[in-house]
Amino acid sequence: MPELPEVETIARGVNARVRGDRIVHAWFAAHNRLFKTPAAMQVKGLEGRVLLAVHRTGKHIVCELSKTPKGNLNGAADLQPDAQWIVHLGMTGRLLVTTPDAAVAAHTHARVQLESGKELRFVDPRRFGKLDFRDLGSGDAFNAAGSEPLLIAQDEFAALFRGRKLAIKAALLNQSLLSGVGNIYADESLFHAGIRPRREAGRLSRAELERLRAALKTVLEHAIQLGGSSVSDYVDAEGMRGFFQLEHCVYLRTGQPCRRCNTPIRRVIIAGRGTHFCPKCQR
DNA sequence: CATTTCACCTGGTGGC
DNA sequence: TGCCACCAGGTGAAAT
């Protein structure tokens, strides 16, 4: 489910609620595929540490942790993290901040209890999500492979696609080029840039690449403002749905009239993913 | 190497 | 009501 705008929304919500709080207890379900780091090691690493900050990198939620001091939020702002807890939500993952007595949803795979009484819960029916723990004393900090689409400069953006024979839609989904773009925002940004998703990435003109980067940035920023897209089950850290699905021009609108020209939206498969476009507006 | 396909999961929907 | 095929915000391993 969650792409850059949804993950950003969740990370901001979690950060606002748990920053400065201390983890007193962590529990994980026994689904081995969820853990890049074994569950027992994550429990050991999380318990006792303070959540300094929670932020997004690509589609990952990164919780910065510190072993040391007690309380004092002002002090926490100056602290260097000594560990990270990294959450990837896969297709259906949720990261929720709840009260301890809130009913435990089906497919809850992690419960992290905080000193304040709040709980961080990871819920993921399809179990495509991933949980990772990094001790920064003995390993490297998390780093996304691809560039941030909101920050990348135009010349660097253009260079990502140079010489590539694959479809631009497939290239946008490749997380080692850009991190954070998924199926919704790839389709929506190609629509706003007026580019057919099957176009060969390396053959886009300079003007098209400029339109594409601008469209991607505008669409992602607008989606963040509206709290992300709730197509079926996405909700933020407080369980609230987003509103950007109301702005979708092509995604999941197969057969419906294009908002700009009324031509029916078409659906094809590219890179194994449903791909939606307007055959008239996109060339 | 670059690129494509498929398996990994559960749940919802629509047709018969 | 059931059964089945197909679809879904992702990604890595295996195949080409």
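Note that the coordinates shown come from a computational prediction; the quantities given were computed from them, not determined experimentally. Quick note on labels: first sequence line is chain A, next is B, and so on, each numbered from 1.
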Hey, can you pull the residues of residues 171-179 of chain A with a non-hydrogen atom under 4.0 angstrom from DNA chain B? none

P atom, B:dC9 versus C:dA14: distance in rounded Å? 15 Å

Bounds of contact between DNA chain B and chain A, in 5' to 3' order, using a heavy-atom cut-off under 4.0 Å: B:dT3 to B:dG11

If you look at every strand shown and take non-hydrogen atoms under 4.0 Å, does [X] touch a base, only sugar-phosphate, or nothing?
X: A:G272; answer: nothing
X: A:K59; answer: sugar-phosphate
X: A:R164; answer: sugar-phosphate
X: A:Y185; answer: nothing

For [X] and [N], give me the distance from atom [atom1] to atom [atom2], rounded to whole Å.
X: A:K130; N: C:dT11; atom1: NZ; atom2: P; result: 10 Å
X: A:N183; N: C:dA8; atom1: CG; atom2: C1'; result: 9 Å
X: A:L166; N: C:dT16; atom1: CG; atom2: C1'; result: 15 Å
X: A:L4; N: C:dT11; atom1: CG; atom2: P; result: 11 Å
X: A:D187; N: C:dA8; atom1: CG; atom2: P; result: 10 Å
X: A:L89; N: C:dT11; atom1: CG; atom2: C1'; result: 13 Å
X: A:R33; N: C:dT11; atom1: CZ; atom2: P; result: 17 Å
X: A:I269; N: C:dG10; atom1: CD1; atom2: P; result: 14 Å

Taking only side-chain nitrogens and oxygens of A:R126, does any of them come within less than 4.0 Å of OP1 or OP2 of C:dT11? no

Within 45° cone of A:F191 ring axis and under 6.0 Å: A:R260 NZ or CZ: yes

Paired with B:dT5 by Watson-Crick or G-U wobble geometry, both distances under 3.5 Å: which nucleotide is it? C:dA13

Would you confirm whether A:R199, through its side chain, and A:R283, through its main-chain N or O, come within 3.5 Å as a donor-acceptor pair? yes

Answer yes or no: is there a donor N or O on one side and an acceptor on the other, between the side chain of A:R164 and the main chain of A:L160, under 3.5 Å? yes

Using 30° and 60° as the class boundaries, would you call the ring planes of A:F142 and A:H60 parallel, tilted or perpendicular? tilted

Give the ring-plane orientation class for A:F122 versus A:H109, where under 30° counts as parallel, over 60° as perpendicular and anything between as tilted. tilted

Pairing of A:D132 and A:K130 as salt bridge, 4.0 angstrom limit: no

Go through the side-chain N and O atoms of [X] and [Y] and say whether any donor and acceptor fall under 3.5 Å apart.
X: A:N183; Y: A:K169; result: yes
X: A:H192; Y: A:T218; result: no
X: A:D21; Y: A:S116; result: yes

